[in-house]
Number of protein chains: 2
Amino acid sequence: MLRLYFGANTCSLASHIALEDAGADYTTVRIDMRANEQRQPDYLAINPKGRVPALATDRGVLTETPAMLAFIAQSFPQAGLAPLDDPFAFAAVQAFNSYLCSTVHVAHAHRARGSRWADDEAAIAAMQRFVPRSVGACFDLIEAQMLKGPWVMGDAYTICDPYLFTVSQWLEIDGVDLAAVPRVVDHRRRMSERAAVRKVIAATLG
Amino acid sequence: MLRLYFGANTCSLASHIALEDAGADYTTVRIDMRANEQRQPDYLAINPKGRVPALATDRGVLTETPAMLAFIAQSFPQAGLAPLDDPFAFAAVQAFNSYLCSTVHVAHAHRARGSRWADDEAAIAAMQRFVPRSVGACFDLIEAQMLKGPWVMGDAYTICDPYLFTVSQWLEIDGVDLAAVPRVVDHRRRMSERAAVRKVIAATLG
């Protein structure tokens, strides 16, 4: 049995949707981010990084969204969530997810988590002001060059789709002009209509 | 034939070493980062992100170090650079590499690339001052909990090792106290003695 530790409005949403897409047998544990539960000893014993998501398996705990998404795809091959038998196509999937993780999510994190990179209040405020530009530039690239359509990788739905859906939840709060990224917004809308996504959203709001 | 676009003193070193470890047939193209060649039209046509590394293959260009490393491991299975037949173990490898990419490298980038996240000179200077703390905290976690020894994943050398070696090149410039991370420093020394690593370092200095 898999157990997903998640936080509301965090990138754990991507793995949560992928577990549902995969038809996995899993349970969830909500981590209260507003109470800073992710930094408390009970959770640090599960994930010493003090972040969500984490996925407890029979063999140990996995972290890091791109790794968890690939694990879900490989563990449930019948769900067809990644081109598992084609190293180039699989690498393209992973490259997209790595970009979301290391560039897009990082740019977004400068809005509310600036204290990871400076302890000066004015500097943290300067980072916040810059987020529309940095996140906006990321989504410009996704819009123009990376999102093949209708799904991220083209005709096949993959583990890239729940992850893009997840980071595109933050477009408004990050101050990105939606009119500049119509294909991303359309992808988000189509994702939001999927039964698996509706189920997960309802559960995480719960 | 694979073609690696690399920059001196960048994270492209990890893929470069992995290609050598794999016994791959590859060529390299040096991108002059000091001349900002990665932002010029010729290179942007290869990688629109304007970053190194990029790996040109017969089927297209791959980017993002974790994706490239997994691609190299999967394309040259005889080299045994990752536990390809074990989704959990493969995910553990990927989680380590994702942490280096999205947390450690990002913390390091605030030293010289602060303009990615703010346009205020004082803020950029504040980010620079914080790097010893943020990168230091990452390496404390690697030292205490993530580096199993003798290699990152234990007895087996994997694609995690050239990547850790790469980011540990930056310990001194990032102001991390080497005495606090003796196991990382020992790993770096043992890596530097490998023939493949010596060959790649000599070629990138060239």
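Basis for what follows: all heavy atoms, side chains included, without hydrogens, waters or symmetry-related copies. Values in this document were obtained by computation on a predicted structure and should not be read as measured data. Convention: sequence-line order gives letters A, B, ...; per-chain numbering from 1.
- Looking at every heavy atom in both residues, A:L164 comes nearest to A:L100 through N-CD1, 3.6 Å.
- Contact count against chain A (heavy-atom pairs under 4.5 Å) is highest for B:P48 among B:P48, B:A125, B:C138, B:A122.
- Contact annotation for A:T63: both backbone and side-chain heavy atoms come within less than 4.5 Å of a heavy atom of chain B.
- Ranked by non-hydrogen atom pairs under 4.5 Å with chain A, the options B:R116, B:Q94, B:H110, B:H105 are led by B:H110.
- Of the atoms belonging to A:D140, not a single heavy atom falls under 4.5 Å from chain B.
- Both the backbone and the side chain of B:S98 come within contact range of chain A, each with at least one heavy atom under 4.5 Å from a heavy atom of that chain.
- There is no contact between B:D85 and chain A, counting heavy-atom distances below 4.5 Å.
- Residue A:Y99 touches chain B through both its backbone and its side chain, counting heavy-atom pairs closer than 4.5 Å.
- With A:L81 as reference, A:D21 is the one residue of A:T158, A:D21, A:D161 to meet the side-chain contact (heavy atoms from CB on, under 4.5 Å) rule.
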task: Any chance you could lay out the side-chain contact (heavy atoms from CB on, under 4.5 Å) test for B:L178 and B:L171, step after step, and finish with the verdict?
output: CA-CA 7 Å; B:L178 295 190; B:L171 284 167; 3.8 Å; yes

field: side-chain contact (heavy atoms from CB on, under 4.5 Å) assessment of B:N9 paired with B:Q169
entry: CA-CA 8 Å; B:N9 303 315; B:Q169 299 301 298; over 6 Å; no

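- Salt bridge status for A:D186 with A:R189: present, with a side-chain N to carboxylate O gap under 4.0 Å.
- Cation-pi geometry between A:R194 and A:F165 is not met: the NZ or CZ atom fails to fall both under 6.0 Å from the ring centre and inside 45° of the normal.
- Options B:V93, B:V131, B:N97, B:D86 differ in how many heavy-atom pairs under 4.5 Å they form with chain A, and the most are formed by B:D86.
- By number of non-hydrogen pairs under 4.5 angstrom with chain A, the leading residue of B:A126, B:A118, B:A89 is B:A118.
- Side chains of B:F88 and A:Q74 form no contact here, defined as non-hydrogen atoms less than 4.5 Å apart.
- Here the options are B:F139, B:F130, B:W170, the test is ring-ring contact (aromatic ring centres under 6.0 Å, His included), and the partner is B:H108; only B:W170 passes.
- Neither the backbone nor the side chain of B:M68 has a heavy atom closer than 4.5 Å to any heavy atom of chain A.
- Chosen from B:Q145, B:M146, B:K49, the residue pairing most often with chain A at heavy-atom distances under 4.5 Å is B:K49.
- Interface residue B:R59: backbone and side-chain heavy atoms are both found under 4.5 Å from chain A.
- Residue contact with chain A, scored on non-hydrogen atoms closer than 4.5 Å, involves the side chain of B:D120 exclusively.
- Not a single donor-acceptor pair under 3.5 Å links the side chain of A:D25 to the backbone N or O of A:L2.
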